[in-house]
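Contents: one structure, followed by commentary.
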Amino acid sequence: MRNIFILLGPPGAGKGSVAGELSLLIKVPVIASGDLLRENVRNGTPLGLKAKKYMEAGELVPDGIVIEMIGAKVSEPNCSKGFILDGFPRTLAQAEMLDGIRDAEDLFNVFYLKADDDFLIRRLSNRRVCGNCGKIYHLVNLPPAKEGVCDTCGGTLVQRKDDTEEVIKKRLEVYKDLTAPLLKYYEDKGLLHVVAGDISIGYMMDCIKKIMKW
Ligand code: AMP
């Protein structure tokens with residue numbers, strides 16, 4: 001029996017933050033497709049070289065590439081008790097792949113983190129990430145003590161190449177076209193829980209705990 005959580009929602013709705021908190025709580029690993037892809041791009045792997053142009057343009061990396069990457073991850077031994085998916089599935093083909101690896105006894109929960117475009121654009125264009133440890137900052141709501149420097153490790157804060165306003169708008173469009181249809185897909189299966197994405201992470205976790213009756 002595996003405890004499988006899927007975090008759905010537009011870019012900037014807080015999937016990464018919720019995934020981190022959930023992982024601490026239920027002790028299963030996070031599999032974040034965007035982080036895995038960025039790692040491949042950084043390391044110049046063949047997969048990274050294929051993915052880079054799509055990511056910089058705010059488009060989805062082709063299903064075949066992402067499905068293979070996630071398929072390999074979820075079959076690693078540390079996922080034997082379950083895993084939290086952040087950023088996957090993003091298309092119907094990806095959701096069908098997940099259905100294919102799901103056992104009858106697996107617990108499966110899908111959380112939709114909901115927020116509107118203006119909020120997401122504001123949040124993402126102010127997002128900075130530590131290039132060293134990955135810690136996330138917000139220039140207005142969660143600024144570092146010293147400008148441009150990570151409070152935790154002293155690394156340099158950078159803006160993701162796809163966090164510029166133009167690419168954010170493209171990512172939101174792609175989300176609406178290709179990923180939003182998954183909401184109905186999971187709702188029809190009775191697996192979808194809706195949580196507000198424009199509230200603090202503490203409140204979001206409270207909602208999730210309430211839904212899960214933890
Ligand atoms: P994220 O960090 O989840 O915002 O993802 C950053 C970028 O990685 C996306 O804009 C896509 O280009 C790519 N990406 C991440 N996850 C997927 C996925 N499941 N399918 C296709 N492309 C993805």
Side-chain angles (χ1 to χ4, degrees), residues 4-20 22-23 29-74 79 83-101 110-115 117 119-131 133-138 158-183 185-186 197:
I4 300 174
F5 285 88
I6 294 176
L7 300 174
L8 276 185
K15 299 186 294 295
S17 305
V18 169
L22 258 183
S23 174
V30 177
I31 300 176
S33 47
D35 287 350
L36 290 172
L37 289 166
R38 277 186 291 279
E39 195 182 312
N40 276 280
V41 171
R42 255 196 319 276
N43 296 335
T45 66
L47 192 157
L49 293 176
K50 279 188 215 146
K52 189 169 187 261
K53 62 174 186 292
Y54 298 101
M55 297 173 74
E56 287 182 355
E59 284 164 12
L60 291 190
V61 174
D63 280 335
I65 297 177
V66 184
I67 285 176
E68 197 182 326
M69 179 182 82
I70 297 295
K73 271 281 161 195
V74 299
C79 290
F83 46 86
I84 299 160
L85 289 168
D86 163 9
F88 184 96
R90 261 178 156 100
T91 64
L92 201 55
Q94 294 178 16
E96 284 166 356
M97 169 270 188
L98 267 188
D99 285 344
I101 61 154
V110 183
F111 286 97
Y112 165 38
L113 312 184
K114 190 176 177 185
D117 285 5
F119 174 87
L120 296 166
I121 292 169
R122 264 199 318 277
R123 182 186 264 176
L124 287 174
S125 47
N126 281 301
R127 177 162 74 176
R128 296 294 181 275
V129 186
C130 174
C133 73
K135 186 167 174 186
I136 295 171
Y137 293 86
H138 185 280
V158 292
Q159 182 172 33
R160 271 173 51 172
K161 279 199 174 136
D162 58 353
D163 275 348
T164 56
E165 188 159 339
E166 187 194 342
V167 183
I168 293 167
K169 285 187 174 147
K170 176 72 192 168
R171 287 161 68 202
L172 288 170
E173 230 175 75
V174 168
Y175 168 80
K176 279 173 202 147
D177 287 348
L178 298 172
T179 309
L182 297 184
L183 300 174
Y185 180 83
Y186 286 120

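Heads up: numbering here begins at 1 and tracks the sequence. Atoms within a ligand are numbered from 1 in the order they appear, just like the ligands themselves.
When R90, M55, K53 are checked for heavy-atom proximity to atom 1 (P) of ligand 1, R90 turns out nearest. Across L37, L85, L36, heavy-atom proximity to atom 23 (C) of ligand 1 is greatest for L37.
Distances below 4.0 Å separate heavy atoms of R38 from the following atoms of ligand 1: 2 (O), 6 (C). Atoms of ligand 1 found under 4.0 Å from any heavy atom of V66 (numbered from 1 in listed order, with element): 18 (C), 19 (N), 20 (N), 21 (C). Near R171, with a cut-off below 4.0 Å to any heavy atom, the atoms of ligand 1 are 4 (O). Near S33, with a cut-off below 4.0 Å to any heavy atom, the atoms of ligand 1 are 15 (C), 16 (N), 17 (C), 19 (N). The ligand atoms of ligand 1 that sit less than 4.0 angstrom from a heavy atom of E59 are 11 (C), 12 (O). Counting atoms of ligand 1 from 1 in the listed order, those under 4.0 Å from a heavy atom of Q94 are 18 (C), 19 (N), 20 (N), 21 (C). Listed by atom number, the atoms of ligand 1 under 4.0 Å from R160 heavy atoms are 1 (P), 2 (O), 4 (O), 6 (C).
Between G87 and ligand 1, an N or O atom pair is found at a separation short of 3.5 Å. Taking any N or O of G58, backbone or side chain, none lies under 3.5 Å from an N or O belonging to ligand 1.
Note that OG of S125 and CZ of R160 are 13.0 Å apart. Values are rounded to the nearest 0.5 Å.
Within the 4.0 Å heavy-atom shell around ligand 1 one does not find K15.
Under the side-chain contact (heavy atoms from CB on, under 4.5 Å) test applied with I70, the options I101, I65, L85 reduce to a single match, L85. Put simply, the residue from D162, D117, D177 that forms a salt bridge (charged side-chain N to carboxylate O under 4.0 Å, His left out) with R171 is D162.
The protein heavy atom nearest to atom 22 (N) of ligand 1 is V61 N, 3.1 Å.
Under the 4.0 Å criterion applied to side-chain N and carboxylate O atoms, K169 and E165 are assigned as salt-bridge partners.
Residues L36 and F88 form no side-chain contact, since every pair of their non-hydrogen atoms from C-beta on lies 4.5 Å or further apart. A 4.5 Å side-chain heavy-atom check between L47 and V61 finds every atom pair outside the cut-off.
The minimum heavy-atom distance between L182 and P89, with the atom names listed, is CD1-O, 3.6 Å.
Other residues, nucleotides and ligands place no more than 12 heavy atoms under 6.0 Å from the CD atom of E68. Residue K135 qualifies as enclosed at atom NZ: its count of foreign heavy atoms under 6.0 Å is above 12.
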